[in-house]
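Report on the following structure.
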Amino acid sequence: MEYNLNVEGETVAVSVQEEDRDRFSARIGDREYSVEKIGLMDGLLILSVNGKQTGIGIGDPDGGRDVVINGCPCFVNDDSMQPRGRGGRRPAGKASNMVTPPMPAVVVRVMVNEGDTVSEGQPVAVVSAMKMETTLYAPFGGRVVSINAAEGDKVSPGDILVDIEKVGE
Amino acid sequence: MEYNLNVEGETVAVSVQEEDRDRFSARIGDREYSVEKIGLMDGLLILSVNGKQTGIGIGDPDGGRDVVINGCPCFVNDDSMQPRGRGGRRPAGKASNMVTPPMPAVVVRVMVNEGDTVSEGQPVAVVSAMKMETTLYAPFGGRVVSINAAEGDKVSPGDILVDIEKVGE
Amino acid sequence: MFEKILIANRGEIAVRIIKTCKEMGIGTVAVYSDADSKSLHRMCADEAVHIGGTAPSESYLNADRIIGAAKKTGAGAIHPGYGFLAENADFARLCEDSGIVFIGPPPQVISDLGDKTVARRIMADGGVPVIPGADNSFSGPGELAKQADIIGYPLLVKASCGGGGKGMRVVRHKDELADSLASASSEAKAAFGNGTVYLERYIERPRHVEVQVLADRFGNTVHLFERECSIQRRHQKIVEETPSTALTQELREEMGKAAVQAAKAAGYVNAGTVEFLLDESGSFYFLEVNTRLQVEHPVTEMVTGIDIVRKQIEIAAGRRLELSQADIKPGGHAIECRIYAEDPANGFAPSPGRIACFRPPDGPGIRHDCGVYAGFTVPVEYDPILAKLVVHAENRQIAIERMKNALSGYVMAGVGTAVPFLRDVIDSKPFRKGETFTDFIDTHFPQWQPSIPDRDVAALAFIACEMWGEVSGAKGAETARPGIPTPWETLGHWRL
Amino acid sequence: MFEKILIANRGEIAVRIIKTCKEMGIGTVAVYSDADSKSLHRMCADEAVHIGGTAPSESYLNADRIIGAAKKTGAGAIHPGYGFLAENADFARLCEDSGIVFIGPPPQVISDLGDKTVARRIMADGGVPVIPGADNSFSGPGELAKQADIIGYPLLVKASCGGGGKGMRVVRHKDELADSLASASSEAKAAFGNGTVYLERYIERPRHVEVQVLADRFGNTVHLFERECSIQRRHQKIVEETPSTALTQELREEMGKAAVQAAKAAGYVNAGTVEFLLDESGSFYFLEVNTRLQVEHPVTEMVTGIDIVRKQIEIAAGRRLELSQADIKPGGHAIECRIYAEDPANGFAPSPGRIACFRPPDGPGIRHDCGVYAGFTVPVEYDPILAKLVVHAENRQIAIERMKNALSGYVMAGVGTAVPFLRDVIDSKPFRKGETFTDFIDTHFPQWQPSIPDRDVAALAFIACEMWGEVSGAKGAETARPGIPTPWETLGHWRL
């Protein structure tokens, strides 16, 4: 079986051969791996990779998995498969062309109104998460088409708080 | 709903009234209880019983549940329900009329042969569990009808290692 | 002794306080907000009272509701933890007025020490070293120049009404003074409408060293030695340890004595922390007193064996401190790392959310004070502290190795943490050498980025889940017995 | 330092050794038998080698297979843990001959101290107090009467070829001696075909007090103070603590010195334990030396902050012990309870089986050394020790409260444990008073039966599972989100 996985933003192509119920071999580039299922213990998946045993923590957010190795989490998803959740959890880069919070947050205030003209870099909203405030700025100059969030609303990355229509392009 | 539970060998009759999704009230004798589901945390079921919160560990051996309260396990099963497993785990009393090990064990040796006549209290087999040997005795005098276990066999409570037919009764 | 204590807090500190109460045979009452109905602190307590909405003002900061919960449940005392109402003199007074013991210092002490100028005066009067500076800021330039000679260089020109660095100048030489005074004053005038400035000794590359004190109602005051808390990010401590590598035994005793002196000067009762700035020459200056249990108290507990929360409760109940200074003999070395919900790959931005997978490390000399569990949704509205990982060992080097290994075994998914960052900090040369100053992070980790773990292993782990997770219903079933989960049924949870 | 160590053991001690290796940056190799392919020690190690069948002789006692596994994986040293091959001089010699370092004392020391008469002679020659008695048992009645006067009363008449109490008599007064000699001799003759008897001082209500020692290859030997291990059931220790309530500071130092003397007399290298019997008058007598890591070593680690396994490895690697006796300052009080798989409701019979539910306590001052996990099937073939619960606190009283509370929070289902029994022991008056003698259990808990927890609450908990467990597929689903288990999906596991 062939996998095309995205590991923290980089593609890793894996060719997998199932050996028996508890074992598969894999090739990544010119590296060969033999992987054995040792067991599951206290929420950790214990694998042996080329004879070296590792306990791996696995979380399953939307659209992929958080794989924790040696205390470091790392996000893996399978681009070739159907998304099982609401799509990729993490934006590919900074979603710098939208007014959206970088983390789940609560809206502290919205500083513009519908119809306002805003310039690039103008603060348009402040959100708060865990007692830390973050200001969101207009990604470009334009006209505020709609305000989609009010003070006290819980918002998530991807939610567009203020819709801005580019002007003069 | 009425429950007839067996709690560590004693019957407890409980009359239950479901209040809402997370709450029921119950009567046991003349005692009234209000039970609320608080949640599940690290494998413990957190209940509030008349406002007092308790974390309860729950294991599910065959035919009932081990309920762990304040570090003390206690076996509960529902006599009125279909047995879901292989029947009651614990013998009601000491199974003193059978040659059966008191715990999962390995047979160390069988000291009688088919056809032998044994007297009450005569040692007939030795089993070992966790480096401790236990001798099993003939519960009554009689004739050995069959030997059902050999040295090295893994045996469990309820397994009859030596069948003895009573003589002269 | 109290029969029941209400804990007016949430998270790890509430859980930690509950543990000591249980050991003491004292009943515990948790309070919780809407967002915390499934929180660990709520579940750990004997009783729990819902006190209101998610906003702190409606719950954890709402004095009336908390007092109401204490009355309703018959709690004789309230432990405020840290944060929220812990240093609120009005709340302490309200407790007193309601006949409930506030587990902390008397209200007057809280308000005295909460006011920086009052606290500074108390300490100066009590003979505790304060940062040398002009206590009277209404002096003319000539007067200021004289004061500058007394204070010595380098010094700091500060705007009396200032803040945020505006109207502030570091003056390193006498001949820069006049210019700095003029420019600071004019900047201050522009920014705050008031050009008054004052002088203060500038402490270069300071360390933040604090001393834990305990004081009973009978005038017995002892200290439990120091904690070195210089490693901070955005003025938030992230790593603390004891003993401090900067202190000689002589200086340690001197600072301990100063802390006891500070506590006595303030009329302190209960557990408190006297914070000092320590400069490179070994001079130290009073900074402030934290009139509460400190986040980093576990390092002191680990080296002294003393349960500080127990002492707080005993003192609040009117017991005499049975410890003399000579009884307190710290042993070994302890380090704490704070585990915040933050995303190191995203500029350490807050990272609330649902904890999908959680397995903290354990083992000899490892303590994990924790306020969350697998499956819990970390609310967006509260402090990001999830847990504290603390290690104790024979000496600092072994403690570092222990912490490094413990961090490597810290498994948390779903919510970001700075575990990889902390491991790099602990394992860094300057940390190993004990060169821990308040500029540590800015100096040594200005542009830190997480290194990606072995991508191949991550990919193989992902495939292992896909492969062996899928078969749980089929192949897994053959070994399943009633009531006993096979590993792959369990695995099924996080692959649903 | 070694790059890789093979741990020739299983269960909690193997896991504990692996933890220290990881902290030291040393690779770990586990060995496991058929029954242990899913065992915790196997999963925790960096590498694991299957060495054979379930029977100890085919695996954990099979020296050749273990040496083979070390060679195959390139392990430079073997840590034997306790039990199995830990005190096997032949195995230690085989390691040496194979160029693998045995982490323990030299083979000759193991064999000397493993022979009770040789050990007794070494100690007597080295000036270590041994139980007064006739070293020559071939004396006539007249000679024995003279020896009796030297030994003093009460004394013990013992059959030279005896065992199991046969041919043994306690003699309290001189005028009983002749009769006792005659009857013991005749009983011995009937039982063993040999009527020879000898005399030994009878120690009344003794305590079992042992001293931990560390010795390097360079002649540096220190002790880490005592452990009180008097509470035993069927000659198996179940509760250990340090310091002992029976020792004055003077006696403590005296016993410590005697232990160091014993180690030096034997030419000891590495960690070892010198066991003494302590009588009510404060006299102590050499019993034996355990030439290995002791089950109860954690209590010493907790009060001294010293990682004994680390010291073992360092000493085995030829490092010099950097500790002087004056550096070792124990602080606070530590207690250990052993958690065996045993059924207190069934005469403490072994209780192997599958662990259906497991949540050990945690918190400040609590350490849990553990060899199992939820879902693991505890094999029927090995020692019943599952885990050790250890607490440390400022003093004994607080340590008792901590242990009591920790035991109350110990959740294990599927496999029986003596947790309720241990709690009753810890909470008993004689234990609280420190009256811990080797007859403690027989005297105070001869007929102990577990008390049943509140039957009503147990019944309600059962119903709660039935009610809320059943709806997991239905009502639970509405809140389910991909990848995140709802509590009731998780609950579903144990109700399947």
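Below, read A as the first sequence line, B as the second, and so on, with proteins coming before strands; counting in each chain starts at 1. Note: hydrogens, waters and symmetry copies are ignored here, and every other heavy atom, side chains too, is used.
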- Message: Between D:Lys38 and A:Leu40 (side chain of the first, backbone of the second, donor and acceptor by atom type, cut-off under 3.5 Å), is there such a pair?
- Response: no

- Around D:Glu3, counting heavy atoms of other residues, nucleotides and ligands shown, do more than 12 lie under 6.0 Å from its CD? no

- Can you check side-chain contact (heavy atoms from CB on, under 4.5 Å) on D:Arg42 and A:Gln53, steps first, answer last? CA-CA 9 Å; D:Arg42 182 258 160 106; A:Gln53 300 192 147; 3.0 Å; yes

- SG (D:Cys370) and CG (A:Asp42) are apart, to the nearest 0.5 Å, by 8.0 Å

- Message: Taking the side chain as everything from C-beta on, heavy atoms only, tell me whether A:Ile46 gets closer than 4.5 Å to D:Met43.
- Response: yes

